[in-house]
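All chains are named by letter (A, B, ...) in the order of the sequence lines, taking the proteins before the strands, and each is independently numbered beginning at 1. Computation of the quantities below employed the complete heavy-atom set of this structure, encompassing side-chain atoms and omitting hydrogens, waters and symmetry-equivalent molecules.
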Amino acid sequence: MSDAAQPGMLPAAWYNILADLPFELPPDIQPPGGSAGAVKMQLPLALVRQSTSKQREIPIPEEILRHYRQWRVTPLKRASALEERLGTKARIYYKYEGNNASGSHKLSTGIAQAYYYATAGARRLTTGTGAGQWGTALAIGCQAFGLDCKVYMVGSSFRQKPYRKTIMQMYGANVVASPSPDTSAGARLLESGSVDSSNIAFAVTEAMEDALQSEDTLLSVGSGEAYSILHCTVIGLEARAQLAALGEKADVVLASLGAGSNFGGMAFPFLQDRLRHDDPVRCISIEPAACPKLTRGAYCYDYTDSSGVTALQKMYTLGSRFKPPGMHAGGLRYHACSKIISALYHHGYIEAQSYGQRDVFSSAAVFAELEGIVPAPESAHAVHGAIQEALRAKAEGTAPVIVFCLSGHGLFDLSAYDEYLSGRMGNAIVTDEDLLESLKYLPSI
Amino acid sequence: MNTNTPLRQSILQALLADRLPSFSSAQLSDDRICLGAGGLEVGSMALLQAFVNLETILGFTFDDGPVANAKLTTLGDFIGLVEREVAAHRNRGPQP
């Protein structure tokens with residue numbers, strides 16, 4: 001229960017923030033046309049219901065809880081050594097989500113989605129993945145519920161992290177680098193010679209084409225959609241109950257922001273205290289300076305993939321043609337973010353900060369030294385944000401409770417740490433010119 | 001076929017919502033009109049949302065199986081599926 005989660009106990013229900021939003025979400029706009037032949041159902045009805053339901057607590061089916069129990073409840077730890085090094089009176093806690101086979105928070109929705117797709121009669125799922133955490137999580141979920149799985153992995157990450165492919169294969173997935181010759185969109189791009197191998201939106205486009213052309217195959221996406229965030233709220237629900245058991249209450253909650261499953265999963269259960277009870281908790285999303293959708297993007301209707309066939313959603317976006325500068329946090333490369341998180345930011349309920357890659361890795365190295373966990377590049381953004389908040393508290397002479405989501409470990413990302421240690425890593429900050437160029441192609445609504 | 005039953009009106013409302021007035025009564029009474037391109041221009045997500053909207057109106061939930069396996073090309077296909085599910089629900093009687 002969202003208000004009654006017990007420390008050390010798995011929540012029996014997800015928290016649905018749609019029940020508490022004090023504003024209406026802008027409606028999606030379906031692109032005109034649809035298919036010429038029979039319309040293919042792309043999503044289990046249960047996930048459609050979860051995307052629109054106003055029920056505050058959505059019960060978690062026992063079949064999902066059975067798998068969650070393999071690694072949940074995840075630990076909430078106090079970063080005492082980090083506090084000491086910073087000389088801050090702030091009390092810093094982190095919720096660690098790297099203690100499962102996927103190595104990240106994504107498994108909470110990977111298991112849930114595979115269950116709902118299998119229950120709906122799917123035989124095979126396709127997906128796009130950036131850094132590989134989501135692809136791994138879905139592979140694990142698919143194996144758990146007897147589904148075949150094909151993963152289109154952003155090409156640059158595919159080459160940087162060969163062992164991500166191996167672990168996905170261990171769990172039975174067929175993994176290819178995107179762009180791939182397996183789809184007509186990918187083949188055309190490869191043939192043209194202008195290959196962009198860092199575009200997660202294109203990987204999703206390939207997965208979608210595959211799903212549309214196969215009778216028993218459906219597309220699954222790991223972040224941004226309301227249901228994927230919903231499934232990840234077990235993270236924030238657990239953390240909130242664990243803090244309460246320690247006699248603590250969060251003043252500041254931080255998580256990195258890709259499309260939204262990590263930030264929403266961590267922050268929404270805390271944010272309900274603000275929405276329902278006027279609690280002053282601050283929820284801060286941390287994004288890379290290479291892909292700053294909330295801090296530098298536009299709030300407007302855009303496509304969620306790069307092909308322009310998906311529904312238009314009103315969200316903060318850099319444009320679906322956006323190409324971030326070279327960066328290692330592949331899970332944060334997505335050009336836009338969840339319409340729910342976008343609206344919360346637009347209405348002033350959450351904050352956003354962006355940081356350069358080198359600065360983020362610098363904080364990650366300190367965290368690894370003092371707390372004994374190598375953060376994933378994505379998670380390192382939250383580490384850096386928490387350190388900045390702790391230093392701010394020190395300067396102001398305050399002692400807030402800061403809690404952040406350490407969404408995954410970085411043991412598949414050592415090539416990134418190698419670049420950091422060699423001194424070759426830059427801050428990867430997108431230029432105004434590149435942003436303006438990408439935003440030129442936003443659909444006119 | 002009576003093309004103006006309350007159920008048909010509910011189905012059209014759930015399917016087209018704000019776009020309903022942009023279609024003529026002749027189009028909306030023609031079961032052969034395509035759901036997708038060149039017809040009502042309804043995509044997969046809009047169709048799924050229509051099922052969920054109808055659940056609120058009809059007071060029961062659709063099973064995924066019949067929805068996922070149906071070949072829904074025309075408005076008549078969609079209305080026929082909903083009518084069959086309504087009948088099946090009635091035959092099952094009250095749910096526990």
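In this structure, the portion of A:T52 lying under 4.5 Å from any heavy atom of chain B is its side chain and not its backbone. In this structure, chain A has no heavy atom under 4.5 Å from any part of B:D18.
Ranked by heavy-atom pairs under 4.5 Å with chain A, the first of B:M45, B:R19, B:E55 is B:E55. Looking only at heavy-atom pairs under 4.5 Å with chain A, the residue among B:V52, B:L48, B:D63 that has the most is B:L48.
Shortest non-hydrogen contact noted between A:V221 and A:V204 is CG1-CG1, 4.4 Å.
Evaluated for a side-chain contact (heavy atoms from CB on, under 4.5 Å) with A:K106, the options A:C232, A:S228, A:S223 yield exactly one hit, A:S223. For the side-chain contact (heavy atoms from CB on, under 4.5 Å) with B:I11, the qualifying choice from B:V86, B:L58, B:V82, B:L16 is B:V82, the only one to do so.
Residues A:H335 and A:T304 fail the side-chain proximity criterion, which asks for heavy atoms closer than 4.5 Å.
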